[in-house]
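Input: a single structure, listed below in structure tokens.
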Amino acid sequence: MEHERGVQALAPVVDFSALDKRQRLAIDENADAIEIEHAVVLGDVPGQIDGVGISRAAGALDAEAHADRRRIVGKKALHALKRGGGELDRHGHGRLAEGTARQSLAPRVPDRSWRSPAIQVPSRIQMPPPDAPTRLRNTPLSAMMRGFQRSAWRINSLESRSKQRMSVVSVKQALSGALPAGSRISVRGWVRTRRDSKAGLSFINLSDGSCFDPIQVVAPDSLANYADEVQRLSAGCAVIASGELVASQGKGQGFELQASSVEVLGWVEDPETYPIQPKAHSLEFLREVAHLRPRTNLFGAVSRVRHTLAMAIHRYFDQNGYCWINTPIITTSDAEGAGQMFRVSTLDLMNLPRTDKGAIDTRKDFFGKDAFLTVSGQLNVEGYCLALSKVYTFGPTFRAENSNTARHLAEFWMIEPEIAFADLAENARVAEDLLKFVFRTVLDERPDDMAFFADRVEKSAISRLEAFINAPFERIDYTDAVAILKKSGKKFEFPVEWGIDLQTEHERYLVEEHVGRPVVVTNYPEKIKAFYMRLNDDGRTVAAMDVLAPGIGEIIGGAQREERLDVLDARMQQFGLDPAHYQWYRDFRRYGSVPHAGFGLGFERLVVYVCGLANIRDAIPYPRVPGHAEF
RNA sequence: GCCCGAAUAGCUCAGCUGGUUAGAGCACUUGACUGUUAAUCAGGGGGUCGCUGGUUCGAGUCCAGCUUCGGGCGCCA
């Protein structure tokens with residue numbers, strides 16, 4: 001938002017919002033009293049004056065090192081800003097007053113070591129105008145400030161020639177048809193491809209991630225920087241293109257941008273080794289460059305769909321009267337059967353405190369006891385369920401299991417609704433309703449990305465979601481499922497027997513061969529399910545459910561909770577759990593206990609399914625799995 | 001944790017039962033052509049064939065170990 005105003009503004013904008021310690025140090029050595037933050041000049045500036053240009057004039061920074069940042073830093077800039085009649089707004093962004101910005105100054109002698117192609121150092125020396133305020137001319141302004149003024153002067157010169165102002169729009173807005181042809185706009189993004197035409201123009205496909213399609217920027221050779229810069233653009237370069245939005249003369253897009261200026265903000269230092277090329281990459285390779293893969297079509301699309309799914313989930317619960325509860329990330333509950341946990345500790349591993357008996361003294365640890373990253377917010381959220389009736393969690397979850405599959409992450413996001421006064425049937429109904437709602441939403445709101453998945457990733461990406469939405473879920477009792485599997489005549493690696501948990505191969509048969517659409521399997525043997533699941537009247541099964549979907553298997557696991565204290569205690573004893581650790585959880589059954597139910601939905605598994613991905617590591621920005629936590 | 005497979009240019013891959021100077025496409029670069037659509041055409045640069053050892057007259061190719069990546073399974077969401 002600031003950027004949009006910044007480009008429209010004709011005076012430079014000083015952005016004091018970000019901080020980099022190393023930057024600060026480097027600057028402190030070279031220019032005393034320059035301490036902080038960023039100075040960013042935004043504008044439609046044909047002469048390539050930008051933050052780096054300023055730093056060049058200032059001589060305050062190692063230009064080479066900062067050529068790609070177009071940002072500089074300075075406390076003196078702040079002083080100078082105020083002295084020069086500018087001010088800081090409430091966001092910490094500085095702005096020069098127009099009058100003072102006319103101050104120009106003498107640029108330094110061009111420096112041969114300055115090799116950034118983005119910068120053209122003016123060769124002519126400009127003297128300050130005689131009408132400039134004396135205090136501005138005589139004060140030893142920081143070099144930084146002089147840089148601002150110089151670029152501001154140039155911007156203002158441009159303004160006097162043309163009253164037209166560019167408004168910054170996203171590529172999505174530009175392509176949407178919402179803006180009339182002839183609109184003067186700026187778009188900002190990263191180059192996907194560049195094609196030159198000897199007719200005297202270049203075509204730049206520019207993407208800013210706001211939608212699947214890039215916008216085609218038509219850059220004529222009349223641009224001042226055409227030969228120097230435009231024709232050197234390669235994939236990944238950051239660019240601000242300004243000009244007129246016009247109906248495209250070529251095929252393939254409705255609108256394009258007829259550029260009157262193409263400003264290069266960030267070059268790709270070595271186009272040959274830039275990992276993201278306009279070609280198909282393997283997913284394995286892209287995982288190795290997870291920090292750059294969002295620039296690909298696929299990961300851009302996955303990211304937008306992931307966002308849309310998250311918003312749809314929140315919207316579903318919000319519209320249905322659920323309250324979002326933020327359960328703790330750090331827990332001191334003992335393992336609750338959901339898996340291995342990551343320990344959270346501030347103890348010095350090289351010098352562990354010991355008890356008299358030689359054991360590690362966790363009383364000396366940060367929380368005074370063992371602490372772990374949560375494996376589920378369910379136990380905590382039950383308390384809020386028994387007060388707010390309909391609640392859900394949506395947050396990160398951690399499992400320290402050594403799982404090496406395409407369906408497991410050590411860190412993932414989970415959605416866990418918990419519904420008071422609900423039984424297992426209601427639980428299953430909500431699960432079905434939720435999934436169908438979010439699938440419908442993503443088909444409605446991200447047709448461009450979904451079309452890409454159907455085209456390049458998984459042919460049935462769209463059709464299977466439509467089928468999912470239109471078919472009622474099948475409901476099968478575990479006992480019946482076992483009978484079906486036994487009768488199937490299929491040879492399974494793990495033989496089916498009542499009392500075993502269903503294996504992946506069994507689930508796949510049920511879903512993909514026997515039913516062909518999503519299945520809810522209910523009422524599992526009590527021995528194989530968690531202690532908090534409600535014991536059925538038969539005494540040998542619990543009111544648990546798994547939602548199985550074609551292509552991914554188990555996407556949801558849930559249960560009606562055991563609301564009877566005596567039964568819960570017996571179950572905990574059976575599982576060898578110490579009730580002392582669960583006093584607070586038992587309290588829910590002591591004070592106003594009611595039947596309630598809930599389930600857990602793995603968010604990344606949802607993303608995998610919707611996008612037609614094969615590996616869950618591609619459904620989260622920076623996947624964490626055993627042996628890997630790069631980036 | 002168990003089983004299986006793979007590793008050749010910046011990327012995607014070919015390279016047959018071991019045989020002379022290891023190839024293609026993309027990317028980069030030079031030129032031609034062009035309102036182009038991951039443009040096209042012609043030329044050029046670019047390789048410790050994952051690492052270590054072994055078999056052999058000869059190893060990208062066969063063997064062993066290691067490393068890394070992938071697939072399947074278990075645990076689960």
Side-chain angles (χ1 to χ4, degrees), chain A residues 191-205 213-220 231-232 234-236 246-253 256 258 268 270-289 292 296-297 337-340 375-378 393 396-416 431 456 492-494 500-505 507-508 528-530 546-549 552-558 599-609 614-617 619-620 625-628:
Chain A
V191 173
R192 279 288 170 74
T193 60
R194 187 202 83 236
R195 296 174 295 278
D196 298 326
S197 167
K198 274 287 154 47
L201 59 161
S202 289
F203 302 96
I204 303 161
N205 276 1
D213 288 318
I215 189 170
Q216 173 157 286
V217 175
V218 182
Q231 289 200 299
R232 293 183 47 238
S234 60
V246 298
S248 180
Q249 296 173 36
K251 293 164 196 158
Q253 62 277 319
E256 64 188 19
Q258 189 68 42
V268 167
D270 182 3
E272 203 166 345
T273 56
Y274 178 63
I276 310 301
Q277 297 174 2
K279 68 183 288 295
H281 290 94
S282 68
L283 294 171
E284 294 80 12
F285 169 71
L286 290 171
R287 274 171 221 145
E288 293 169 15
V289 288
L292 295 174
T296 62
N297 281 332
Q340 288 287 110
V375 293
S376 164
Q378 182 207 313
T393 72
T397 312
F398 308 87
R399 303 275 166 92
E401 246 127 42
N402 190 17
S403 296
N404 296 293
T405 80
R407 301 185 308 283
H408 290 87
L409 291 164
E411 176 184 273
F412 64 99
W413 287 62
M414 188 156 65
I415 298 104
E416 296 174 292
R456 296 292 180 87
F492 293 113
E493 189 186 342
F494 295 87
I500 62 139
D501 206 357
L502 297 182
Q503 304 293 312
T504 301
E505 55 177 340
E507 295 178 347
R508 289 184 69 105
I528 60 171
K529 289 292 183 181
D546 283 352
V547 178
L548 313 176
I552 30 169
E554 183 182 339
I555 190 170
I556 281 177
F599 60 83
L601 166 62
F603 187 49
E604 283 74 20
R605 289 189 179 177
L606 191 68
V607 175
V608 161
Y609 187 64
N615 195 312
I616 202 166
R617 299 172 192 196
I620 190 167
V625 296
H628 291 284

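Letters go in sequence order (proteins before strands), and every chain restarts at 1. Bear in mind that the values here come from a model prediction, so they are computed numbers and not experimental data.
- One N or O donor and one acceptor, one from the side chain of A:Glu256 and one from the base of B:G35, sit under 3.5 Å apart.
- Residue A:Asn404 is in base contact, counting any heavy-atom pair closer than 4.0 Å across all strands shown.
- A:Gln503 comes within contact range of the sugar-phosphate backbone alone, with a heavy-atom separation under 4.0 Å but no base atom that close.
- When all heavy atoms are compared, the tightest approach of A:Gly558 to A:Asp546 is N-OD1, 4.4 Å.
- At the heavy-atom level, A:Ile555 lies under 4.0 Å from the strands shown only through sugar-phosphate atoms.
- Of all nucleotides listed (B:G71, B:G35, B:G10), B:G71 comes nearest to the side chain of A:Asn615.
- Across all non-hydrogen atoms, the minimal contact from A:Phe203 to A:Gln216 is CD2-NE2, 3.4 Å.
- Here A:Gln258 lies in heavy-atom contact (under 4.0 Å) with a base.
- Judged by distance alone, with hydrogens and angles left aside, A:Arg195 brings no side-chain donor or acceptor close enough to the base of B:A38 to form a pair under 3.5 Å.
- Judged by distance alone, with hydrogens and angles left aside, A:Ser403 brings a side-chain donor or acceptor within reach of the base of B:C75, the pair sitting under 3.5 Å.
- Remark: A:Thr193 is in phosphate contact with B:A39, judged by side-chain N or O atoms under 4.0 Å from OP1 or OP2.
- Taking 4.0 angstrom as the limit, A:Arg194 places none of its side-chain polar atoms (N or O) nearer than this to OP1 or OP2 of B:A38.
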Close N or O pairs between protein and nucleotides 22-26 of chain B (under 3.5 Å):
none

### Task
Given side-chain hydrogen bond (donor to acceptor under 3.5 Å, both in side chains), test A:Arg195 with A:Thr193 step by step and report yes or no.
CA-CA 7 Å; A:Arg195 296 174 295 278; A:Thr193 60; 3.2 Å; yes

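- The base of B:U12 is not paired with the side chain of A:Glu284 by any donor and acceptor separated by under 3.5 Å.
- Residue side chain A:Phe603 fails the stacking definition with respect to B:A77, as its ring centre and the base's six-membered ring centre are not both under 5.5 angstrom apart and under 30 degrees in plane angle.
- Phosphate contact (OP1/OP2 of B:G70, side-chain N/O of A:Arg617, threshold under 4.0 Å): present.
- Using a 4.0 Å heavy-atom criterion, one finds that A:Gln216 contacts the bases of the nucleic acid, with or without backbone contacts as well.
- Residues A:Arg508 and A:Asp501 each lie close to RNA chain B; by heavy-atom proximity, the contact nearer the 5' end of the strand is made by A:Arg508.
- The base of B:C76 lies close enough to the side chain of A:His408 for a donor and an acceptor atom to sit less than 3.5 Å apart.
- Note on A:Ala199: only backbone sugar-phosphate atoms sit closer than 4.0 angstrom, heavy atoms only; bases stay farther off.
- The same atom, C1', is picked in B:U37 and in B:G18; the two are 47 Å apart, to the nearest Å.
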### Task
Report the secondary structure of RNA chain B in dot-bracket form, marking unpaired bases with a dot and bases paired to a different strand with |, and treating Watson-Crick or G-U pairs with both distances under 3.5 Å as paired.
(((((((..((((.....[...)))).(((((.......))))).....(((((..]....))))))))))))....

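- Comparing A:Asp196 and A:Phe494 by the nucleotide of RNA chain B that holds the closest heavy atom to each, the one mapping nearer the 5' end is A:Asp196.
- Nearest nucleotide to the side chain of A:Ala406, out of B:G74, B:A38, B:G72: B:G72.
- For B:C76, the base has a donor-acceptor partner in the side chain of A:Arg605 [N/O atoms by modelled type, under 3.5 angstrom].
- Closest to the side chain of A:His281, from the set B:C76, B:C11, B:G35, is B:C11.
- Nucleic acid contact class of A:Phe285 (heavy atoms, under 4.0 Å, all strands): sugar-phosphate only.
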Nucleotide N/O to protein N/O under 3.5 Å, stretch nucleotides 41-50 of chain B:
{"from": "B:G45", "atom 1": "N2", "to": "A:Glu272", "atom 2": "OE2", "distance (Å)": "2.5"}

